[in-house]
2 protein chains.
Amino acid sequence: MTADPVLRREIPDATVARLPEYLRTLSALADDGVPSVSSEELAAAVGVRSAQLRKDLSHLGSYGVRGVGYDVAMLALEISRALGLTVDWPVAIVGMGNLGRALSSYSGFVTKGFRIVALFDDDPSVEGEDVLGTAIRPLRDLPRSHAADPIAIGVIATPASAAQTVCNALVQAGITSILNFAPAVLTVPAGVDVRRVDLSIELQILAFHAQRRTVASADLRSAVTR
Amino acid sequence: MTADPVLRREIPDATVARLPEYLRTLSALADDGVPSVSSEELAAAVGVRSAQLRKDLSHLGSYGVRGVGYDVAMLALEISRALGLTVDWPVAIVGMGNLGRALSSYSGFVTKGFRIVALFDDDPSVEGEDVLGTAIRPLRDLPRSHAADPIAIGVIATPASAAQTVCNALVQAGITSILNFAPAVLTVPAGVDVRRVDLSIELQILAFHAQRRTVASADLRSAVTR
DNA sequence: TTGACTTTGTGCATGCGTTCACAAACGTCT
DNA sequence: AGACGTTTGTGAACGCATGCACAAAGTCAA
């Protein structure tokens, strides 16, 4: 009944969101031939507090050595395992505009256990086109494609107007993990996990902070001249 | 000394991150000709709890009418104002690969007060190319471009290896708001606001949850067969 | 082995964010 | 005008995440 304690233990969402950052930095360190790091060093490289890093890692188990630090390669492997990146995740991308093409060639996508197995777009002018070894097919081929080479994760990179239709097709095919880049809220049945990425939100947050800086300095000036 | 209370009041980061979502949904409602919404309806459309929505909006001021709801157009305007989107934000994008092109044509970028004033790329083969009315220039033109048409926000859409160099150039030119799509941690002087977007992190989080579902159902099965 | 030093893992406190629950405020109907 | 139903705005409770501080556990030198 009791499975691997590492997998059964609840890992906080906030921690899960940071694990990819740790993993990327660890991979860079490994590439540089660094054998081990302390929590202090790794935290500084990622941009978090060392206490936070240690607490995050403690949720995965006890992989550090007191007085020494963490073995870079081993820790990277453990984080990969925790995230589920030690197995391959077949990914399909729907919508082959600039964003879809950017995603299919994005290094962070093709490495790290994600394998693009299908590209879809209903625009006849791009149908059949080859993108990095994978042909673009119309969405109606999804069931056949899924049967031949099962898809674990569907990525929606279409305009907002098509997003729900595409989502329905993905769910219909039995795909339960969906990453949505379209600026639309998708409704899905229970058991389907949808995550949305809005490229413009970060820009708006940036504008908010920039504006606040401007207002703050304007306040200072008007306070002086008053 | 006391400026506009709406601008001076501290708005929590978590709230700021949701305001763009509210704004997008409100814009859609306005397009559909809906004159007003209750917090319950709007919250459902966005995918949050109504109490959270009301508390978020309360940070901007009191723009609802008890017993009635919120005026869609007015609330949209107030959120725009709070985010600083009522003024134009000149944006420059560095790196005109697929991602840079996707961003420059992204509807959420060009609408909502963001105006792309410059595109940079040091690849000679794309230099001078016209993308939606803006010519691609080499990064060394940044100071001149900035002087002629000031840039408020710089977007880095280059490979990770070039990100820090590009960032330095942006900071050197006096740009204090930077959106970084490259998978690299940037070091900047104090007073410069950097936000990072990693397109692969969401995919990794999705994989984590998908894996957990798989493990959970495997546990159930093994529990039965035991 | 012993002692000095380093670094992890974690209990505890603090702060922030979310949710509940309700009084206050509005429109409407009689 | 007054009673009624609706919805906002917010104080208070709760829960989660972060940061502190230190004991436990290791290395290394002598």
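Throughout, a chain's letter reflects where its sequence line sits, starting with A, and its residues are numbered from 1. All heavy atoms count here, side chains included; hydrogens, waters and symmetry mates do not.
For DNA chain D, the neighbouring residues in residues 34-44 of chain B, judged by any heavy atom under 4.0 Å, are Ser38(B), Ser39(B).
Atom CG of Asp71(A) and atom P of dT8(C) are 13 Å apart (whole Å). Per the geometry, CG belonging to Leu57(A) stands 16 Å off P belonging to dT7(C), to the nearest Å. For Leu53(B) and dG17(C), the CG to C1' distance is 15 Å, given to the nearest whole Å. For the pair Glu10(B) CD and dC16(C) P, the computed distance is 11 Å after rounding to whole Å. The CG atom of Leu75(B) sits 14 Å away from the C1' atom of dG9(D) (whole-angstrom rounding). If you measure from atom CG of Asp13(B) to atom C1' of dG15(C), you get 14 Å, rounded to the nearest angstrom. Atom CG of Asp56(B) is separated from atom P of dG17(C) by 10 Å (rounded to the nearest Å). Rounded to an integer number of Å, the gap from Ile11(B) CD1 to dG17(C) P is 12 Å.
When side chains are defined from C-beta on, Leu142(B) does not count as touching Gln172(B), because their heavy atoms never get closer than 4.5 Å. Counting only heavy atoms from C-beta outward, the side chains of Leu170(B) and Ile156(B) approach each other to under 4.5 Å. Inter-residue side-chain proximity for Leu19(B) and Phe208(A) is flagged as unmet; no heavy-atom pair is nearer than 4.5 Å. Using a 4.5 Å heavy-atom threshold, the side chains of Leu103(B) and Ile116(B) count as separate.
Tyr106(A) pairs by the ring-ring contact (aromatic ring centres under 6.0 Å, His included) definition with Phe109(A), not counting sequence neighbours.
Under 4.0 angstrom from either OP1 or OP2 of dT7(D) there lies no side-chain N or O belonging to Tyr63(B).
Using modelled atom types, no side-chain atom of Glu21(A) and backbone atom of Arg18(A) make a donor-acceptor pair closer than 3.5 Å. Looking at Arg195(A), its side chain never comes within 3.5 Å of a backbone N or O of Ile205(B) through a donor-acceptor pair. A donor-acceptor contact shorter than 3.5 Å links the side chain of Gln164(A) to the backbone of Thr187(A).
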Please test Leu26(B) against Tyr70(B) for side chain to side chain contact (heavy atoms under 4.5 Å, CB included), starting from the C-alpha separation and ending with a verdict.
CA-CA 10 Å; Leu26(B) 283 168; Tyr70(B) 299 89; over 6 Å; no
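Side chain of Ala14(A), nearest nucleotide from dT18(D), dG9(D), dT18(C): dT18(D).
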Encode nucleotides 19-27 of chain C as B, S and - characters from 5' to 3', where the letter depends on protein heavy atoms closer than 4.0 Å: B to the base, S only to sugar-phosphate, - to neither.
BBB--BBBS
